[in-house]
Each structure stands twice: as structure tokens, then as C-alpha cells.
Amino acid sequence: MHHIAIIASDYERSKEFYRDALGCELIAEYYRAERESWMGKLALGGVYLIELFSFPNTPPRASGPEALGLRHLAFEVDDVPAARDELLAKGIECEELRVDPNNGKQMFFFRDPDGLPLEVYES
């Protein structure tokens with residue numbers, strides 16, 4: 001996989017969330033005047049790339065009940081409860097810890113500033 005593309009309603013707010021709350025590194029940023037659009041490239045762990053976009057007048061994403069398309073993004077960590085505590089300390093609402101009934105691994109869900117479902121999953 002090369003990158004994950006996310007469209008944000010508020011580019012600056014989402015950039016801050018992915019950078020400061022999730023630890024992504026902003027490695028490039030462009031303003032595309034012809035499209036009235038920002039594009040930021042955020043690296044995660046030196047392996048993954050999130051391309052964050054803004055466009056004028058974008059419709060909200062249908063995320064619940066379950067909608068067609070990308071369901072959520074999952075981030076793998078060694079210590080799921082510690083990751084949840086860290087996000088809660090940053091003021092980010094998180095669902096309760098769960099255990100995957102298929103393999104016994106811990107996980108929980110939270111949302112980005114536009115309501116995109118995100119998951120933290122045990123490695």
C-alpha cells in the first residue's frame with residue numbers, strides 16, 4: 001500500500017489531530033490554488049503515509065449505521081490500554097476496550113475530527 005487519503009472539513013484541525021494526537025510527522029504540505037485545496041503528507045512510523053486533503057463544500061461522510069466503502073483505519077500498537085489512556089489524556093473520546101472474539105486481541109475505536117472511525121488494535 002502506498003498511502004491512505006483522507007478529506008477533512010477543516011484541514012488545520014485535522015492536521016493537528018493526526019500530527020499531535022496520533023504522532024504522524026508532517027513531511028510535505030501544498031496548497032493547490034486551482035482546486036482551493038490543501039494537501040498534507042503525514043508519515044506514520046516511517047512505513048505508512050496519510051495524505052490529508054481539504055476541498056470546499058465537501059459532503060459529510062456516512063459512517064453509521066455501517067455504510068459502504070472504507071469502514072475504518074486501524075493502528076497497531078503493543079499496549080492497547082496505554083494507547084487509549086494517552087488519547088483520553090489528550091481529550092479524545094474513545095470507546096471502551098474490547099477483545100476480538102476471533103483471536104483474543106484487545107482493541108478500541110475512536111474518531112477523527114470529522115467522525116472517521118479509527119481503531120487501535122493489539123499487535
Side-chain angles (χ1 to χ4, degrees):
M1 178 171 40
H2 182 265
H3 68 269
I4 300 159
I6 298 171
I7 298 172
S9 64
D10 181 326
Y11 176 79
E12 289 298 325
R13 179 182 67 173
S14 291
K15 178 176 71 172
E16 180 180 303
F17 175 83
Y18 283 94
R19 185 189 61 214
D20 299 344
L22 299 187
C24 295
E25 177 188 1
L26 182 66
I27 58 173
E29 188 171 47
Y30 313 96
Y31 182 71
R32 303 172 309 168
E34 72 283 358
R35 299 180 81 181
E36 299 178 56
S37 170
W38 279 98
M39 176 187 173
K41 293 180 179 262
L42 297 141
L44 183 60
V47 178
Y48 302 103
L49 182 65
I50 294 174
E51 289 186 349
L52 184 63
F53 293 91
S54 69
F55 294 101
N57 306 313
T58 54
R61 176 189 189 277
S63 61
E66 299 289 353
L68 292 175
L70 181 66
R71 186 174 185 194
H72 63 264
L73 302 178
F75 299 92
E76 185 178 65
V77 300
D78 292 328
D79 189 337
V80 173
R84 184 175 180 276
D85 289 344
E86 185 177 330
L87 290 172
L88 288 170
K90 293 177 180 179
I92 298 168
E93 287 187 36
C94 299
E95 293 182 5
E96 294 299 319
L97 291 174
R98 295 193 233 174
V99 175
D100 186 324
N102 298 307
N103 61 21
K105 294 193 180 238
Q106 290 185 314
M107 63 182 170
F108 69 91
F109 285 88
F110 63 108
R111 295 185 181 273
D112 84 349
D114 286 309
L116 177 67
L118 303 172
E119 177 184 11
V120 171
Y121 199 86
E122 183 179 355
S123 59

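Position 1 is the first residue of the sequence, and the numbers go up from there.
The structure places CD of Glu76 at 7.0 Å from OH of Tyr48, a figure rounded to the nearest 0.5 Å. Here the CD1 atom belonging to Ile50 is positioned 11.5 Å from the CG atom belonging to Leu26, to the nearest 0.5 angstrom. Rounding to the nearest 0.5 Å places CD of Glu95 at 10.5 Å from CZ of Phe110. Atom CG of Asp112 and atom OH of Tyr18 lie 3.5 Å apart (nearest 0.5 Å). The distance from atom CD of Glu29 to atom NZ of Lys41, rounded to the nearest 0.5 Å, is 12.0 Å.
Other residues sharing a hydrophobic cluster with Leu49 under the 4.5 Å side-chain heavy-atom criterion for ILVMFWY residues are Ile27.
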Please tabulate, one pair per line, all N/O donor-acceptor pairs under 3.5 Å involving side-chain atoms of residues 1-10, not counting sequence neighbours.
from: His3; atom 1: NE2; to: Glu51; atom 2: OE1; distance (Å): 3.2
from: Ser9; atom 1: OG; to: Arg13; atom 2: NH2; distance (Å): 3.2
from: Ser9; atom 1: OG; to: Asp114; atom 2: OD1; distance (Å): 2.4
from: Asp10; atom 1: OD1; to: Glu12; atom 2: N; distance (Å): 3.3
from: Asp10; atom 1: OD1; to: Arg13; atom 2: N; distance (Å): 3.0

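Of the possible polar contacts, none joining the Arg84 side chain to the Asp79 backbone as a donor-acceptor pair under 3.5 Å is found. For Ser54 (side chain) and Ser37 (main-chain N/O), no donor-acceptor pair under 3.5 Å exists by modelled atom type. Judged by distance alone, the side chain of Glu122 and the main-chain N or O of Gln106 form a donor-acceptor pair under 3.5 Å.
For CG of Asp78, the number of neighbouring non-hydrogen atoms (other residues, nucleotides, ligands) closer than 6.0 Å is 12 at most. No more than 12 heavy-atom neighbours from other residues, nucleotides or ligands sit within 6.0 angstrom of CD on Glu36. Remark: Arg71 CZ is loosely packed, at most 12 non-hydrogen atoms of other residues, nucleotides or ligands lying under 6.0 Å away.
Tyr121 and Val47 are not part of a single hydrophobic cluster, where members link through side-chain heavy atoms under 4.5 Å apart. Both Leu87 and Leu97 are part of a single hydrophobic cluster, where members link through side-chain heavy atoms under 4.5 Å apart. The hydrophobic cluster containing Leu116 also contains Leu44, counting ILVMFWY residues as joined when their side-chain heavy atoms lie under 4.5 angstrom apart, directly or transitively. Val77 and Met107 are members of different hydrophobic clusters when ILVMFWY side chains are connected at heavy-atom separations under 4.5 Å. Using a 4.5 Å cut-off between side-chain heavy atoms of Ile, Leu, Val, Met, Phe, Trp and Tyr, with links allowed through other members, Tyr11 and Leu73 fall into the same hydrophobic cluster.
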One pair to check against side-chain contact (heavy atoms from CB on, under 4.5 Å): Leu22 and Leu42. What are the steps and the verdict?
CA-CA 10 Å; Leu22 299 187; Leu42 297 141; over 6 Å; no
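Annotation: ring-ring contact (aromatic ring centres under 6.0 Å, His included) contacts of Tyr31 (sequence neighbours excluded): Trp38.
Looking at heavy atoms from C-beta onward, Leu52 lies out of side-chain contact with Phe17 at the 4.5 angstrom threshold.
A parallel orientation is assigned to the rings of Phe55 and Phe53, their planes being inclined by less than 30° (bins at 30° and 60°).
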